[in-house]
Amino acid sequence: MRLLSWRKAKHLTGPKCRICYSSTDNRIPSQNIHITRKELSKLLHQRPPKSQLKQIHAQILAQSFSSTASFVNSLIHCYLHIKEFTSARLLFFHYPLPSPPILIWNLIIRTYCKLQNSSESFSLFRQLLNLDPLIRVHPDEYTFTFIVTSCAHQRSIVHGKIVHGLVVKNGLESNLYVGNSLINMYAVFKITDDAYKVFDKMTERDVFSWTSLVCGYANNDEMDQACEIFYKMPLRNDVSWAVIISGFAGYRRYMEVLTYLNEMLFAVEDKVRPNEAVLVCALSACANLGALEQGNWIHSYIMRNEVPNSSNISTALIDMYAKCGRIDCARLIFNRIPRPDVHNFTSMISGLSYHGLGEDSLTVFNRMLDENVNPNEVTIIGVLNACSHSGLVEEGSSIFYNMETLWGLKPQIEHYGCYVDLLGRAGYLEKALEVVKSMQVKPDIVIWRALLSACRIHRNIFLGYSIIDFIKKLNYDGPSGSEVLLSNLYASLGNWNKVSEVRKAMGQRKTQSDIGCSWIEVNGVVHEFRVADKLHPQILKVLNKLNELWIVLS
DNA sequence: TCTTGTAAAG
């Protein structure tokens, strides 16, 4: 005999309790045991774990309460709570009344909405709309909030537009929650005009409405509008700051990331602290700017404020230290992680590869495999780069050719790029060309560039020219970086007429977007310089110093 | 029962 064992049932184990279970099967209560209606509903109200829920369900069946709507509702609640969707759906489809109440529809729809890639919420919603008029229940603001959220998870806006129409028809467009989910939906699809229209029509707005709108502009590379709305917000929470900061990070505008982080730290009126997303973006900015001092400061901020040690934070710290030249610190962070996950491993492997530590990178990769952590596409890029920079051709080839069979990772164009680079650098130019020709995807300019660069290193004039001819025929209209390489190749081949020809063509087009840019961190301040910079506040001082150095050196 | 954000890549 076994009594209910979970903690919330303790009060039932006294003399009043009449639950007991058969000694042969401790899950199913024997038929002659009786629990009152009140006790059963009280038990269900406590959202019991699976084994106990099955026992209670059996009692409900045994006592013929299964046609009592309130019991079925509670059972559905409980099954959804423990994520037993099949049982919940079964109860839903055999509901004792002609239609479940809207609350139960909403709960089931919500479940599928949370599964993100499921279209099941739509089919339920369709069933709800097509109910016989005699038993009709009407979708409410909850139903629409879930359905609109489901629309935001779809590949196209088609469903979203139809649902928006229904929202208007049901007079719910200005409802706070429905409106917020609509703004979010349009933000996801980067339709900022429509997001703004919904926002504009709302009679009540909260921090979600504002943040979702800012997010829409940020997703759509409209950072000026994003900032404008951001500053108009009556109150910003940590997520609002995360949205604007991650917006800048997404467009590689790292200086702004650090500026906004700084502003956030001083935004007393918002009473916010940088959350994980903000810190991760800021660390990534430091990594890409080489801003070690700022990165160090963020690291100490994390420790001072006891920010929970998440995988994302440690991944970002490893990346920051590695990219800022402190591979020792990156290793220290990595070695302190008790059970590194795929992201931690990837960041460490890539970090070691930038430092030319190919063997170490492979050691970490092998440890990862020993610990049964599966690599992802990015991990393989890191390992291939490590092999490439350390001339580990055999190891790299074996990883490249086995990535699909061993880890189910189909080589993407990036992997081909790394592999061609690996072969090219090691001097296997013909083999590299063979790989490019055998690719199932169309080689992009990056791959040709890797090959050209290899031709330049190994001064293979013949192959270099044939690649140039090939690139010309393909008529890539990519960034002028490839033209720079082309002109460099001509230069290394001594063909100065061609060099000036290419440079002239580049000059005529004046591609503004490809202007080179570099950074340097001095006393914790990151200074950014562009070609022929006239904007830096201390440019005259910098130029004078350069002249001084020039005189000393010459 | 309801809506917002993040790392690693040639």
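Protein chains get the first letters and strands the later ones, always in sequence-line order, with residue 1 at the start of each.
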- Separation of A:K323 NZ from A:L289 CG (nearest 0.5 Å): 11.0 Å
- Presence of A:R449 side-chain N/O under 4.0 Å of B:dG10 phosphate oxygens OP1/OP2: no
- With a non-hydrogen cut-off below 4.0 angstrom, is A:V243 in contact with a base, only sugar-phosphate, or nothing? sugar-phosphate
- Message: Rounded to whole Å, please give me the gap between CD1 in A:I244 and P in B:dT6.
- Response: 13 Å
- Task: Calculate the interatomic distance between A:D140 atom CG and B:dT1 atom C1'; express it in whole Å.
- Result: 9 Å
- Message: Here's one to test your reading of the geometry: is the NZ or CZ of A:R236 within 45 degrees of the ring axis of A:F230 and under 6.0 Å from its centre?
- Response: yes
- Which part of the nucleic acid, if any, lies within contact of A:N106, taking any heavy atom under 4.0 Å across all strands shown: a base, the sugar-phosphate backbone alone, or nothing? base
- Item | Selection from B:dA9, B:dT6, B:dT4 that lies nearest to any side-chain heavy atom of A:Y354 | B:dA9
- Task: Answer with yes or no whether the side chains of A:T192 and A:E222 bring together a donor and an acceptor at under 3.5 Å.
- Result: yes
- Regarding the side chain of A:T145, the nearest nucleotide among B:dG5, B:dC2, B:dA8 is B:dC2
Ignoring hydrogens and angles, write down the donor-acceptor pairs under 3.5 Å from the side chains of residues 326-338 of chain A, residues two or more places apart or on other chains.
{"residue": "A:R326", "atom": "NE", "partner": "A:D328", "partner atom": "OD1", "Å": "3.1"}
{"residue": "A:R326", "atom": "NH2", "partner": "A:D328", "partner atom": "OD2", "Å": "2.9"}
{"residue": "A:R331", "atom": "NH2", "partner": "A:D360", "partner atom": "OD2", "Å": "2.3"}
{"residue": "A:N335", "atom": "ND2", "partner": "A:R331", "partner atom": "O", "Å": "3.2"}

- Using atom CG of A:L317 as one end and atom P of B:dT6 as the other, report the distance to the nearest whole Å. 19 Å
- Query: When we call it a touch if two heavy atoms are under 4.0 Å apart, what does A:F146 touch: a base, just sugar-phosphate, or nothing?
  - Reply: base
- Query: What is the distance, rounded to the nearest whole Å, between atom CG of A:L452 and atom C1' of B:dG10?
  - Reply: 14 Å
- Query: So what does A:N376 touch, heavy atoms closer than 4.0 Å: a base, only the sugar-phosphate, or nothing?
  - Reply: base
- Query: How long is the line joining CG of A:L384 and C1' of B:dA9, in whole Å?
  - Reply: 11 Å
- Query: Taking OP1 and OP2 of B:dT6, is either one under 4.0 Å from a side-chain nitrogen or oxygen of A:N312?
  - Reply: no
- Using the six-membered ring for Trp and the full ring for Phe, Tyr or His, decide whether A:Y142 stacks on the six-membered base ring of B:dC2 (centres under 5.5 Å, planes under 30°). no
- Flag this pair as yes if the NZ/CZ of A:R110 is under 6.0 angstrom from the six-membered ring centre of A:Y142 and inside a 45 degree cone about the axis; otherwise no. no
- Look at the side-chain N and O atoms of A:K323 and state whether any lies under 4.0 Å from the OP1 or OP2 oxygen of B:dA9. yes
- Separation of atom OH in A:Y260 from atom P in B:dG5, rounded to whole Å: 19 Å
- Message: Students often get this wrong, so: under 4.0 angstrom with heavy atoms, is A:I381 touching a base, only sugar-phosphate, or nothing?
- Response: base
- Task: From the options B:dA8, B:dG5, B:dT6, select the nucleotide whose nearest atom is closest to the side chain of A:C215.
- Result: B:dG5
- Query: Looking at DNA chain B, which of residues 179-193 of chain A put a heavy atom within less than 4.0 Å of it?
  - Reply: A:N180, A:N184
- Hey, could you give me the CZ/CD distance between A:F122 and A:Q154, rounded to the nearest 0.5 Å? 4.0 Å
- Base, sugar-phosphate, or nothing for A:Y419, non-hydrogen atoms under 4.0 angstrom? nothing
- Query: Among the nucleotides B:dT4, B:dT6, B:dG10, which one has an atom lying closest to any side-chain atom of A:I447?
  - Reply: B:dG10
- Choosing from B:dT6, B:dG10, B:dC2, which nucleotide comes nearest the side chain of A:C281? B:dT6
- A:D341 CG - B:dA8 P separation (whole Å): 14 Å
- Can A:F208 be classed as stacking with the base of B:dT4, given a centroid separation cut-off of 5.5 Å and a plane angle cut-off of 30°? no
- Under 4.0 Å between any heavy atoms, over every strand shown, what does A:T346 touch: base, sugar-phosphate, or nothing? Just pick one. base
- Message: Just by distance, no angles: are the side chains of A:S209 and A:D206 close enough, under 3.5 Å, to form a donor-acceptor pair?
- Response: yes
- Note on the structure: Regarding the side chain of A:L103, the nearest nucleotide among B:dT1, B:dT4, B:dG10 is B:dT1
- Item | Whether over 12 other heavy atoms sit under 6.0 Å from A:R273 CZ | no
- Message: Distance check needed: B:dC2 P versus A:N170 CG, whole Å only.
- Response: 20 Å
- Item | side chain to side chain donor-acceptor pair (under 3.5 Å): pairs with one or both residues in residues 238-249 of chain A, sequence neighbours excluded | A:T211-A:S240, A:N237-A:S240, A:D238-A:N275, A:W241-A:D270
- Query: When we call it a touch if two heavy atoms are under 4.0 Å apart, what does A:D238 touch: a base, just sugar-phosphate, or nothing?
  - Reply: nothing
- Ignoring the backbone of A:K114, work out which of B:dG10, B:dT4, B:dC2 is nearest its side chain. B:dC2
